[in-house]
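Take a look at the structure below.
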Amino acid sequence: MPVLRWAARPDRAHLPAREWLPPLITESALAEGELHLLGRLTEASNATWLTRLGDPEAGPLVVYKPVRGERPLWDFPDGTLAGRERAAYLVSELGGWHLVPPTILREGPAGLGMAQAWVGDVDDAAESVVHVIRVGSDPRGLRPVLRASDDTGAPLLVAHEEASDVRTLALLDCVLNNTDRKGAHAFRHAGRLYAVDHGVTFHAEPKLRTVLWGWGGEALTGDEIEQLRGLREQVIGDDPRAEEVRSHLTAREMRALLGRIDDLLRGGRFPEPDGEWPAIPWPPI
C-alpha cells in the first residue's frame, strides 16, 4: 500500500438512499432545447458549467463542458476531452456497464461541448464510494488503498467500498485507461453507482491512475471475462456507437484499447501498479 502524507478529514457518514428517483435524462432529450447557464463549477480544471435544459427555472440539470474551455494537455494532444467523455460513455454502454450518466456532444452557449445528465438536484448530496477512515476503525466492507495522515499527523486510511458495482467500475477504468479516477468521480445517488469525469482516458500508453486498486492482482470472474469478450466484439463491429468511438480516438489509441482488453483476457487478472508511473491521482479524493 503506498504511503503518502495527506491532510484529510475522516468522514464516513452514510446518507440514506431514496426509494425512488426519476430516471436520468436520455441522450435524445439532452440534444433538445437550449442550455441555460446557472454557474461555473470552479473546482474543475477545465471550463465546466452547471446548466438547465429547456426551462431556465425548472428544466433538468446538465453538466456542460465546452471544447473552447479545455486546457491543452501535452500528453493528450489529439482529439478533445469532450470527445473522450463521449467515447467513455459509449464504451460503458457497449460493454453493458451503464455506469456513466448519458453524455453527448452538442452546441451550447460557448460552442460545441460535452453535455452530461446531472445526477440528482442542486442540493442533493451524493456519497463517494471512497472513504477516509481512522486507523483502527471498523474496515468491514472497505478495501484500503492508501495510507495518509490528517493535519495533526494522526494516521488515516483511504479505502473504497468492496461492492460488486465498484469492482465493475474498476474493470471499466482498466479498459478506458483512466488517468484520473478520484474518489469524487465515483459516487452513489439513490443507491446507484455513477462515474463521471472521463476527459483524460484512452491514452495509448499505460497510464492507469485510480483510487480503486483494491482488487489489483485478483483473478477476473467468468462473468467479467465474458463481458470483456462481448465488449471487444462490439467495439470492432458495425454498431453506430462503436463507429463513433473510433471517430473520437486515433488509430493508435484504438489499437491500445483493443490491446488492453486482450491483455485482461490473456492475463485473467486485474492489473497492479508496477511503480513506473504514479498509480494514484492527486488528490485521491
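This is a predicted model, so every value here is computed, not measured. Along the sequence shown, residues carry numbers from 1.
- Checked for salt-bridge contact, R241 and E93 miss the test: no charged N lies under 4.0 Å from a carboxylate O.
- Ion pairing between R188 and D165 holds under the 4.0 Å rule for side-chain N and carboxylate O.
- Annotation for A115 and V62: closest pair CB-CG1, 3.8 Å, computed over non-hydrogen atoms.
- When D150, I285, L157 are each tested for a side chain to side chain contact (heavy atoms under 4.5 Å, CB included) with V132, only one passes: I285.
- If you look at Y89 and H198, their ring centroids are not closer than 6.0 Å.
- What you find for G83 and T80 is that their closest heavy atoms are N-OG1, 2.8 Å.
- Scanning all heavy atoms of the two residues, the minimum distance from A186 to L169 falls at CB-CD2, 3.6 Å.
- Results of the side chain to side chain contact (heavy atoms under 4.5 Å, CB included) test with M114 over T48, L81, I104, V63 single out V63 as the only residue that passes.
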Q.
What verdict does the side chain to side chain contact (heavy atoms under 4.5 Å, CB included) test give for L156 and V135, after you've listed the backbone C-alpha separation in whole Å, the side-chain angles of each residue and the deciding distance to 0.1 Å?
A. CA-CA 5 Å; L156 304 171; V135 173; 5.7 Å; no

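- When the options F187, W213, W215 are evaluated for a ring-ring contact (aromatic ring centres under 6.0 Å, His included) with H160, the one that passes is W215.
- One N or O on the side chain of E253 and one on the backbone of T250 form a donor-acceptor pair closer than 3.5 Å.
- Not a single side chain to side chain donor-acceptor pair (under 3.5 Å) links K207 to another residue, sequence neighbours left out.
- Taking hydrophobic clusters as Ile, Leu, Val, Met, Phe, Trp and Tyr residues chained together by side-chain heavy-atom distances below 4.5 Å, L258 shares a cluster with L90.
- In terms of modelled atom types and a separation under 3.5 Å, the side chain of H203 and the main chain of T179 share no donor-acceptor contact.
- In this structure, the side chain of E34 does not engage the main chain of L53 through any donor-acceptor pair within 3.5 Å.
- Atoms CD and CD1, from Q234 and I261 in turn, are 11.0 Å apart once rounded to the nearest 0.5 Å.
- T51 contributes atom OG1, which lies 4.5 Å from atom CG of L35 (distance to the nearest 0.5 angstrom).
- A donor-acceptor pair shorter than 3.5 Å can be found between the side chains of D197 and H185.
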Q: Could you walk me through whether E57 and R52 pass the salt bridge (Lys or Arg N to Asp or Glu O under 4.0 Å) test, one step at a time?
A: CA-CA 7 Å; E57 301 296 329; R52 284 203 184 273; over 6 Å; no

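- Judged purely by atom type and a 3.5 angstrom limit, S128 uses its side chain to pair as donor or acceptor with the backbone of G183.
- Under the 4.5 Å side-chain heavy-atom criterion for grouping Ile, Leu, Val, Met, Phe, Trp and Tyr, F76 is not connected to L105 through any hydrophobic cluster.
- Without hydrogens or angle criteria, R84 side chain to T201 main chain gives a donor-acceptor distance under 3.5 Å.
- Placement of L73 and L208 in two distinct hydrophobic clusters is found when ILVMFWY residues are connected by side-chain heavy-atom separations under 4.5 Å, directly or transitively.
- By the 4.0 Å N-to-carboxylate-O rule, E244 lies close enough to R86 to be salt-bridged with it.
- At a threshold of 4.5 Å between non-hydrogen side-chain atoms, the residues R260 and N177 count as touching.
- Considering only heavy atoms from C-beta on, L24 comes within 4.5 Å of V119 through its side chain.
- Hydrophobic cluster membership is shared by L171 and V100, with clusters built from Ile, Leu, Val, Met, Phe, Trp and Tyr side chains linked at under 4.5 angstrom.
- The OG1 atom of T103 sits 3.5 Å away from the CD atom of Q116 when rounded to the nearest 0.5 Å.
- At a threshold of 4.0 Å, the pair R229-E226 counts as salt-bridged, since one of the basic side-chain nitrogens sits closer than that to a carboxylate oxygen.
- By the neighbour-count criterion of 12 heavy atoms within 6.0 Å, atom CG of D238 is sparsely surrounded, having that number or fewer from other residues, nucleotides or ligands.
- Salt bridge E224/R167: present, at least one basic N to carboxylate O contact under 4.0 Å.
- I225 and V175 fall within a single hydrophobic cluster, where Ile, Leu, Val, Met, Phe, Trp and Tyr are joined by side-chain heavy atoms under 4.5 Å apart, directly or via other members.
- Screening residues 24-66 for ring pair (Phe, Tyr, Trp, His ring centres under 6.0 Å), with sequence neighbours left out, gives no hits.
- S92 places a side-chain N or O within donor-acceptor distance of the main-chain N or O of L99, the cut-off being under 3.5 Å.
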